[in-house]
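What follows is a short report on a single structure.
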Protein chains: 2
Amino acid sequence: MAEARSGRSATLADVARLAGVSAMTVSRVLNDRGNVSASTRIRVQRAMDQVRYRPNAMARSLALGRSQTLGVVTFDTAQYGPGSAVLGIERAARERGYGVTITVIERPDHDALRSAVLSLDDRMVDGMVVIAPFAAMAGALRDLGRGTPIVAAEAGHQGEVPIVGIDQGLGARLATRHLLEFGHRTVHHISGPADWIESRLRSDGWRAEPGDRGVTAPPALDGDWTAQSGYEAGMRLADDGSVTAVFVANDQMALGLLHALHERGVRVPQDMSVVGFDDIPESAYFLPSLSTVRQDFARLGAVAVELLDRLVTDDDFVADDRLLIEPSLVVRESAGPPSP
Amino acid sequence: MAEARSGRSATLADVARLAGVSAMTVSRVLNDRGNVSASTRIRVQRAMDQVRYRPNAMARSLALGRSQTLGVVTFDTAQYGPGSAVLGIERAARERGYGVTITVIERPDHDALRSAVLSLDDRMVDGMVVIAPFAAMAGALRDLGRGTPIVAAEAGHQGEVPIVGIDQGLGARLATRHLLEFGHRTVHHISGPADWIESRLRSDGWRAEPGDRGVTAPPALDGDWTAQSGYEAGMRLADDGSVTAVFVANDQMALGLLHALHERGVRVPQDMSVVGFDDIPESAYFLPSLSTVRQDFARLGAVAVELLDRLVTDDDFVADDRLLIEPSLVVRESAGPPSP
DNA sequence: TGCCGAAATGATTGCGCTAACATTTGGGTG
DNA sequence: CACCCAAATGTTAGCGCAATCATTTCGGCA
């Protein structure tokens, strides 16, 4: 006869009845509010244990207007970046006592984003992280004009919504500089797809780095993040005797490039140097191991959630437009000095 | 003057007031119940549009006892398998009108799993998918003894909870057979960590495949899924002249193996054949491209969610113990006949 | 024209919890 | 020992929605 109504799990009222107090007192014990005598507290706790009481999060949310849940909007991709970011966010959220509800959108367009955000709103999430690596999402984010706090991750600058990201431009410059410092006259580039913000930022960084070195960047080859596209670009680069160094916008494409170069008998790094971006776990074991730019996604998630938490908790808090995390260069074997 | 109470978003009561009907009628329109005249329906819909009404999912859940949300329990890893499975589950859930709440557990032990499941229960999820690739989780799953339906994915057999998975044993046999059919006398093996169920199943499949061919399997080398461990195992295999074929329990380790063999001057597939497992997107561009076993995680997610949906919807439904999806062999360049 | 039954609509109540206010209890103080 | 204040506890109401049952409306038929 532990449970009042068999079947359903015990409610706060059941506990109150069992402990011989009012529901309110149980609620106070539950939420560790003061003003409960030690003896009743113990009695209530005993009752809770006895019926294995678990507070109903929904009911609490409804009463409070808050859900202790954060929403994450991401899109349908197995890409390393977004996937890692979600994990980082989830972990950080959990550490701060939030649950996480995920909504995946199929296409990164205005309507899909809007409806994802609305559906998270319906679930009364306290805040959202939108992973928005597409240029097309910038406008959509701006148009939301909303109440519950939103933080964009891996996004470009669009005003309105605060951004948390890893400094793509800096990463690209680190990679390019690494190559230039080996003495390469110029650095070629395989870019990501044009509709990704990060792709543009990496290309911009690559183009900007030579600076006053008096080097003009050659035209970039367009990739689409896949190893396949890196392979195709590699086939073209292999035929161009003037190419001695390539900055590739991600590690998968760099893998494709390495594959193509190997097929063509171009040795890396002796004949051609390659630097990638992302530092996926595999890249240390490419042939040769890949010099690349590491992004700390766990950190990204932590920063995004911390920011969001503040926005949720403190009404007066005004967030910076932009929080950038510094990436770092990982030097391995795929880049070296040009052969004389 | 569109919204009744400025600030907060409109409630069903606001719509009712505006349309001049009772809340119940609005609810009927909302849920597309019958017994509403065309004219009132239109009037109500207009009112809804006017105040941009969005039903509050929490309130509905509380009233209904159902939340149209599925919970996913996974654990903290960037492994390709679990990550892909989560995506597949999310997509399938969305297609069936469910939201998804994710809980990541740090360690795959009894208590962590239990508390994750309880916390999802608190949120009144209608069902859960537990991604449980660790042997240690089997017992924990059995101990739950619960009310809301649970489906385990990528798990071993433990009774109690229905399992959805990809047939690891079959995959391992396909890989091993592929090598044997090239004429290799025996197939060596680099295994995954012993505490992963899938790791054991793959090793078992490998050991079983030779069957009556009269080949006895050599001892396996222990890996831990990382390319690093594959590399280390590779260093040992390279020194053993008798090894001509290796089945590696995942593609990352296969990559490490390829790296090690390359360093030692062992040619693949001429001197040694290699088959991996998973078919990660990169493996087609390894050097050489990797023959491997493909797992369809999207399908896995879809099957898991479909099963869960039935368990949720139909009280009388009794699930099969075990639903296995067939993996397929992807033949590329890393395996071939032994040199004479 | 009056009556009947089905369709349309409404009133009440409760899901499980907490905020806000009301009430009681228990010392310490003069 | 009465009084007062603070601590402890209880009461009421409401978060937004839907199930249940009650009531109204309306068309069809004798």
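Quick note on labels: first sequence line is chain A, next is B, and so on, each numbered from 1.
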Check the distance between [N]'s [atom2] and [X]'s [atom1] and give it to me in whole angstrom.
{"X": "B:Q68", "N": "D:dC17", "atom1": "CD", "atom2": "C1'", "result": "15 Å"}
{"X": "B:R17", "N": "C:dG10", "atom1": "CZ", "atom2": "P", "result": "14 Å"}
{"X": "B:M58", "N": "D:dA18", "atom1": "CE", "atom2": "P", "result": "15 Å"}
{"X": "A:L12", "N": "C:dC15", "atom1": "CG", "atom2": "P", "result": "13 Å"}
{"X": "A:M124", "N": "C:dC17", "atom1": "CE", "atom2": "C1'", "result": "12 Å"}
{"X": "B:N31", "N": "D:dG16", "atom1": "CG", "atom2": "P", "result": "17 Å"}
{"X": "B:R33", "N": "C:dG10", "atom1": "CZ", "atom2": "C1'", "result": "16 Å"}
{"X": "A:M48", "N": "C:dG16", "atom1": "CE", "atom2": "C1'", "result": "13 Å"}

Give a yes/no on whether any side-chain N or O of [X] is located under 4.0 angstrom from OP1 or OP2 of [N].
{"X": "B:R41", "N": "C:dA8", "result": "no"}
{"X": "B:S37", "N": "C:dT9", "result": "yes"}
{"X": "A:R60", "N": "C:dT18", "result": "yes"}
{"X": "B:S22", "N": "C:dG10", "result": "yes"}
{"X": "A:T25", "N": "D:dA8", "result": "no"}
{"X": "A:N56", "N": "C:dC15", "result": "no"}
{"X": "B:T11", "N": "D:dC15", "result": "no"}
{"X": "B:S27", "N": "D:dC17", "result": "no"}

| request: Check A:L311, A:L120, A:D121 against A:T148 for a side-chain contact (heavy atoms from CB on, under 4.5 Å) and give me the one that passes. | output: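 That would be A:D121.
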TODO: Could you verify whether a donor N or O on one side chain and an acceptor N or O on the other, from B:T69 and A:R123, lie under 3.5 Å apart?
DONE: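 Yes - a donor-acceptor pair under 3.5 Å links their side chains.
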Would you kindly compare B:N35 and B:L64 by the position of their nearest DNA chain C nucleotide and give the one closer to the 5′ end?
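Checking each residue's closest nucleotide, the 5'-ward one belongs to B:N35.
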Residue whose nearest DNA chain C nucleotide is more 5′ - A:R66 or B:V36
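Of the two residues, B:V36 wins.
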Taking CZ in A:R96 as the centre, count heavy atoms belonging to other residues, nucleotides or ligands within less than 6.0 Å. Is the count above 12?
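Yes - once you tally the heavy atoms of other residues, nucleotides and ligands closer than 6.0 Å, there are more than 12.
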Between B:M58 and A:D122, does the side-chain contact (heavy atoms from CB on, under 4.5 Å) criterion hold? Intermediate values first, please.
CA-CA 8 Å; B:M58 295 265 154; A:D122 296 344; over 6 Å; no
### Query
Using the C1' atoms of the five pairs at each end, what is the angle between the end axes of the helix from C:dT1-D:dA30 to C:dG30-D:dC1, to 10°?
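About 60° separates the two local helix axes.
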Does B:V26 reach a base, just sugar-phosphate, or nothing at all? Heavy atoms under 4.0 Å.
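No contact.
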Base, sugar-phosphate, or nothing for B:S61, non-hydrogen atoms under 4.0 angstrom?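 Nothing, no heavy atom under 4.0 Å.
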**Asked** Between A:Q45 and A:V29, which heavy-atom pair has the shortest distance, and what is it?
**Response**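 Of all heavy-atom pairs spanning A:Q45 and A:V29, the closest is CG-CG1, 4.1 Å.
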Task: Heavy-atom pair with the smallest gap, counting every atom of A:G97 and A:Q68 - done: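 Scanning both residues, the minimum pair turns out to be O-OE1, 3.0 Å.
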Worksheet item: Could you give the distance from CG (A:L118) to CG (A:L144), rounded to the nearest 0.5 Å?
Response: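 Separation between the atoms: 7.5 Å.
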- Item | Pairwise distance CZ(B:R310) to CD(B:E306) - rounded to 0.5 angstrom |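 CD of B:E306 is found 5.0 Å from CZ of B:R310.
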In B/S/- notation (B base, S sugar-phosphate only, - none; protein heavy atoms under 4.0 Å), nucleotides 20-28 of chain C written 5' to 3' is B--------
Strictly below 4.0 Å, N to O, side chains only: are B:R91 and A:E106 in salt-bridge contact?
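No.
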request  = Look at the aromatic rings of A:Y80 and A:F297 and report parallel, tilted or perpendicular, splitting at 30° and 60°.
outcome  =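 The arrangement is perpendicular - the two ring planes meet at more than 60°.
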